[in-house]
Amino acid sequence: MNYSKEIDKKWQDYWKEIKLFNVDVKDKSKPKYYCLVMFPYPSSELHVGHARNYIIGDAVARYKIMRGYKVLSPMRWDAFGLPAENQAIKHNIHPKKWTFNNINRIKEQLNSWGTGYDWDKEVNSCLPEYYKWTQWIFLKLYSRGLAYKKEAPVNWCPRCLTVLANEQVIGGKCERCSSEVEQKKLKQWFFRITDYAERLLKDLDLLEDWPERVKIMQKNWIGRSEGVEIYFPLKGAQLRINCFTTRVDTIFGATFLALSWDHPLIEVLVQNNPKREEIVNFIEKIKNQPYSIRLLDNFEKEGIFTGKFAINPMTNKEIPIWIANYILSEYGTGAIMCVPAHDRRDFDFAKKYGLPIVEVIRAPQKKEEAPLEEVYEGEGVLVNSGEFSGLNSQEAKEKIADFMEKNDIGKRKVNYKLRDWLISRQRYWGTPIPIVYCDKCGEVPVPEEQLPVLLPEKVEFLPTGQSPLTYVEEFIKTRCPRCGGSALRETDTMDTFVDSSWYYLRYISPKEEKSPFVSEDVNYWLPVDQYIGGVEHAILHLMYARFINKFFYDLGLINFKEPFRRLFTQGMIVKDGAKMSKSKGNVVSPDYIIDTYGADTMRLYILFIGPPQKDAEWHDEGLLGCSRFIARVLRLLDLLSQYKKNNVDKDNPHQKLLLRKMHHTIKEVTQDLEGNFQFNTAISRIMELVNHIYKSLDTGQISKELFRQAIDTVFLLLAPFTPHISEEANKILGNSGSIFHRNWPSYDPKYLEQEEVEIAILIDGKLRAHLKIDTQWSEKKVVEEALSLEKVKNYLKGAPPKKTFYIKNKVLNLVTNG
RNA sequence: GCCGAGGUGGCGGAAUUGGCAGACGCGCCGGUCUCAAAAACCGGUGGAGGUAACUCUAUGCGGGUUCGACUCCCGCCCUCGGCACCA
């Protein structure tokens, strides 16, 4: 039999016809399995790197179907977003049209690969029936105080002319266009994800089947640290400056304070200050420093003395207050106590400006006073610390914190690096934020029954820094839902990550009109059993989705705390050592592969290319190998049809060997799939089995029935990887119906037993000979037989081994020396 | 700087409660078929030495534990990914 494109088409139509992937969510006749792949962002057609994601997902779905699960494998489009709008500006095509063109193209591609989805559950985030519910979520968050607007310094991309979330700033540059990100103060909408920081951190422990590295990345991103907020009284005023520190044990060495340029107290500090002008100029200067220079290794620390002093509440000494460019205003209190002896940054600063350096922590082994050119950042024993001297850092942290809380000079506190999620975008192609501004009533949420706030279709696409919606009168002019007076709509739209933070719930009931989803069904089908996608979503998407899921949990709409039970992150496919991209011209398009070799060849190669969680280099020649293998497997069918041999003795060793290989392969392939999706090794084991079948046939001692069984097993095992040829073969072998409605093969341990094996004979750890043994032999017998080997005798030269080590049925080591 | 993953033939990669390193595939070499070539099929293929049986050597580097180490321990080097003045 030859593999052809017609075979692909035939079986793709067949699966549609028998509704292999269509799921009735109410059907509970079989255990459920929710297999989810990360949706495509429809910005261009897909290349083989994308294909990996969907082919892995499809292989898993098909395998689970064969294991008897009701498998839900849906597909959707993350259709809002900047690229569509940028195309609109560049090529004068409406984002909607552009997006739908891409969707149609991608759909075609997905179908041509034989990846199966329940298309009845298709979801599209740019359609009102979906974004209505995204807006609904916003309102729910708003009503609980979890969506709010505030003026905040934001990351501004001068090219995209929009605000970026912290997570979208990569190394000081825009994630999308790599422009230098600027700092700007704007009124923006936020989601209060920080309220969930502790739970987002703690519940990572519930996610046993997530890759450790992803959990660690999330942990670092949340960045929890425990410490103390210390109150430093301002000299000569009834004010205080609060500073957060994780090293309260170093408090006696705090010799100055440093504030960020926008610390609220600076206004007070510069009042009637003779240095006022100088300070204001300095602030103006660091305020305008671009974001990225902070990331440079040689970032120059600069500061200015305010002329004012605070009191160190432990030493009661006056310490100068400085303003410095290395203090983050967004973290802690925007002010820090500086301990130059034990912090590299404070040390550099103190050296530059001649500030006092006092050693208060001494490394445990050290006896003498440290020379002041050295910073010791570790923990140790306290010195120069009053009654706390002599304690080690750990004890001192507790005792000093206790002391501070008792005397009201400080309080234990937990801080997080996680910031609130900035969701405003000054862009058109996104979900409108359902808020109205009324002259009388102020900020008013759009009532639920008035949703959706429709995104107008006719707009001008000019990147002005304002949302194009600003210029659409019919859109912005509206009535206040509260007083009926004239009002204006919010013109910002939501970050597309909001759209994608809840789609996995919508799939269950995509057409539901009264609610975002049906709780009863969602509670049955979720959490997602297997989520598959790129590691680039380790932080953003997965954090946001977990947050929104927890919010729904709090609303009582769902009964599970985490949305994704198991996560698999697949590696990238690279070409010529680089990520595939149009600009580099190294994109491998699946279309020609499908045309030349057929879908199963591409699928097989993508799964065989390497461990799926690791990056892999694409080589066209690899396809040839897979194509050869498929031809080789199919040739077995031709051989079978002409095969005559029967009446072979049941105990024929070649028969037994083939049976053993078959069952062994079933066992191993199953293990590979049940473990961490080791498709590459699973496939190589099937290749071994096929090689073994050919060798067995050469002996002429295999019965037709066993031959048939062996081929049948091969195709059952291959079905998740190469579904088209497997269906075809299944039919040729005389089985009725779809191969996916058959059971995954199971192995019988009795066939795995061996009567005879070859073991290695080692002399002093070096491989010297092999020996065929009966598996029933005792160790003594094995040693005897080994010693009688000519080769072994030559090595031992008559001297018996001093010790022997026997690993049953594997290795015998004969030791002659000490 | 901190955190994480990794380093095995010409290449992608196998092998883990420590037990025959290099499965499977690519590439390369040889053969069969052919007027010839391609395809296909069969065989070989870590390196060095030897006509050969065989010997030595080999999993980033250096030590250690062990009868035995790709695997465990100590100390380095390199590559990739994440975070990065988080007080």
Undergrad: A:Glu668 CD to B:A23 P: how many Å, rounded?
TA: 16 Å
Undergrad: Under 4.0 Å, heavy atoms only, any strand: does A:Glu617 hit a base, just the sugar-phosphate, or nothing?
TA: nothing
Undergrad: Establish, yes or no, whether the cationic atom of A:Arg603 lies under 6.0 Å from the six-membered ring centre of A:Phe721 and within 45° of the ring axis.
TA: no
Undergrad: With the side chain counted from C-beta on, respond yes when A:Leu636 and A:Phe715 share a heavy-atom pair under 4.5 Å apart, and no when they do not.
TA: no
Undergrad: If you measure from the C1' atom in B:A69 to the same atom in B:G62, how many Å do you get, rounded?
TA: 16 Å
Undergrad: When the C1' atoms of B:A48 and B:C3 are considered, how many whole Å apart are they?
TA: 43 Å
Undergrad: When the P atoms of B:G9 and B:U71 are compared, how many Å lie between them, rounded to an integer?
TA: 15 Å
Undergrad: Of the nucleotides B:A87, B:C26, B:A14, which one has an atom closest to the side chain of A:Asn680?
TA: B:A14
Undergrad: Is the ring pair A:Phe349/A:Tyr353 parallel, tilted or perpendicular, if the boundaries are 30 and 60 degrees?
TA: tilted
Undergrad: Categorize A:Lys791 for me: base, sugar-phosphate, or nothing, with a 4.0 angstrom heavy-atom threshold over every strand shown.
TA: sugar-phosphate
Undergrad: Taking NZ, NE, NH1 and NH2 as the nitrogens, is one of them in A:Glu229 or A:Arg412 under 4.0 Å from a carboxylate oxygen of the other?
TA: no
Undergrad: How would you label the contact of A:Arg635 with the nucleic acid (heavy atoms, under 4.0 Å): base, sugar-phosphate, or nothing?
TA: sugar-phosphate
Undergrad: What is the pairing partner of B:A5, taking Watson-Crick or G-U wobble pairs with both distances under 3.5 Å in any strand?
TA: B:U79
Undergrad: Looking at the side chain of A:Arg632, which of B:C42, B:C67, B:U55 is the nearest nucleotide?
TA: B:C42
Undergrad: Quick check for you: among B:C20, B:A87, B:C24, whose closest atom lies nearest to any side-chain atom of A:Glu688?
TA: B:C24
Undergrad: Contact class for A:Ile327 (heavy atom, under 4.0 Å): base, sugar-phosphate, or nothing?
TA: base
Undergrad: Now, which nucleotide makes the Watson-Crick or G-U wobble pair with B:G18, with each of the two distances under 3.5 Å?
TA: none
Undergrad: Remember a base hit wins even if backbone is also touched, and classify A:Thr804 as base, sugar-phosphate or nothing at under 4.0 Å, heavy atoms.
TA: nothing
Undergrad: For A:Asp249, is there an ion pair with A:Arg247 - N to carboxylate O distance below 4.0 angstrom?
TA: yes
Undergrad: Describe the nucleic acid contact of A:Arg685 in one word from base, sugar-phosphate, nothing, applying a heavy-atom distance below 4.0 Å.
TA: nothing
Undergrad: Is the cationic atom of A:Lys301 (NZ for Lys, CZ for Arg) positioned less than 6.0 Å from the six-membered ring centroid of A:Tyr326 and within 45 degrees of its normal?
TA: yes
Undergrad: Expressed in angstrom and rounded to an integer, what is the separation of A:His692 atom NE2 from B:C24 atom P?
TA: 13 Å
Undergrad: Does A:Asn325 reach a base, just sugar-phosphate, or nothing at all? Heavy atoms under 4.0 Å.
TA: nothing
Undergrad: Rounding to an integer number of angstrom, what distance separates B:G10 and B:C29 when you compare their C1' atoms?
TA: 13 Å
Undergrad: Give a yes/no on whether any side-chain N or O of A:Arg213 is located under 4.0 angstrom from OP1 or OP2 of B:C80.
TA: no
Undergrad: Out of B:C24, B:C26, B:A87, which nucleotide sits closest to the side chain of A:Phe244?
TA: B:A87
Undergrad: Between B:C24 atom C1' and A:Ile686 atom CD1, what is the distance in whole Å?
TA: 11 Å
Undergrad: I want to check one thing: is the phosphate of B:G13, taken as OP1 and OP2, less than 4.0 Å away from some side-chain N or O of A:Ser684?
TA: no
Undergrad: Have a look at A:Glu212 and say if it touches a base, only the backbone sugar-phosphate, or nothing, with a 4.0 Å heavy-atom cut-off.
TA: nothing
Undergrad: Using the closest heavy atom to pick a nucleotide of RNA chain B for each, name whichever of A:Asn691 or A:Lys810 lands nearer the 5' end.
TA: A:Lys810
Undergrad: Is it the case that the ring center of A:Tyr544 lies less than 6.0 angstrom away from the ring center of A:Trp421?
TA: yes
Undergrad: If only side-chain N and O atoms of A:Asn220 are considered, is one of them under 4.0 Å from the OP1 or OP2 phosphate oxygen of B:C2?
TA: no
Undergrad: In whole angstroms, how far is the P atom of B:C26 from the CZ atom of A:Phe608?
TA: 8 Å
Undergrad: Using the P atoms only, state how far B:A14 lies from B:G6, rounded to an integer number of Å.
TA: 11 Å
Undergrad: Tell me what A:Lys766 touches on the nucleic acid: a base, only sugar-phosphate, or nothing, going by heavy atoms under 4.0 Å.
TA: sugar-phosphate
Undergrad: Side chain of A:Phe805 only, heavy atoms from C-beta on: which candidate in B:G19, B:G27, B:A87 is closest?
TA: B:G19
Undergrad: Specify the separation, in whole Å, of atom CG of A:Leu607 and atom P of B:C26.
TA: 17 Å
Undergrad: If you check every side-chain atom of A:Lys803, which of B:C67, B:A14, B:A15 has the closest atom?
TA: B:C67
Undergrad: Can you tell me if A:Arg628 touches the phosphate of B:A39, counting only side-chain N or O atoms and a distance under 4.0 Å to OP1 or OP2?
TA: no
Undergrad: What is the base-pairing partner of B:A69, counting Watson-Crick and G-U wobble geometry with both distances under 3.5 Å?
TA: none
Undergrad: Classify the nucleic acid contact of A:Gly223 as base, sugar-phosphate or nothing, counting any heavy atom under 4.0 Å across all strands shown.
TA: nothing
Undergrad: Roughly, in whole Å, what's the span from CG in A:Asp620 to P in B:G25?
TA: 20 Å
Undergrad: My understanding is that a pair needs two contacts under 3.5 Å, Watson-Crick or G-U wobble. By that rule, which nucleotide pairs with B:G30?
TA: B:C42
Undergrad: Indicate, with a heavy-atom threshold strictly under 4.0 Å, whether A:Asp615 touches base, sugar-phosphate, or nothing.
TA: sugar-phosphate
Undergrad: Taking the nucleotide of RNA chain B with the nearest heavy atom to each, does A:Met687 or A:Lys417 sit closer to the 5' end?
TA: A:Met687
Undergrad: Is it the case that the base of B:C11 and the side chain of A:His619 share a donor-acceptor contact (distance under 3.5 Å, atom types as modelled)?
TA: no
Undergrad: Hey, is A:Lys575 close enough to A:Glu617 for a salt bridge, meaning N to O under 4.0 Å?
TA: no
Undergrad: With P as the reference atom in both, quote the distance from B:C78 to B:G30 in angstrom, rounded to an integer.
TA: 42 Å
Undergrad: Please give the distance between the C1' atoms of B:G50 and B:C56 as a whole number of Å.
TA: 11 Å
Undergrad: Rounded to whole angstrom, note down the C1' distance from B:C41 over to B:G47.
TA: 30 Å
Undergrad: Give one of base, sugar-phosphate or nothing for A:Ile216, where a contact means two heavy atoms less than 4.0 Å apart.
TA: sugar-phosphate
Undergrad: At less than 3.5 Å, do the side-chain atoms of A:Asn813 and the base atoms of B:C67 form a donor-acceptor pair?
TA: yes
Undergrad: Describe the nucleic acid contact of A:Ile807 in one word from base, sugar-phosphate, nothing, applying a heavy-atom distance below 4.0 Å.
TA: base
Undergrad: Of A:Val248, A:Ile400, A:Ile230, which meets side-chain contact (heavy atoms from CB on, under 4.5 Å) against A:Met314?
TA: A:Ile400
Undergrad: Can you identify which nucleotide, out of B:A14, B:C67, B:A87, has its nearest atom closest to the A:Val815 side chain?
TA: B:C67
Undergrad: Have a look at B:G9 and give me syn or anti from its glycosidic angle (syn if within 90° of zero).
TA: syn
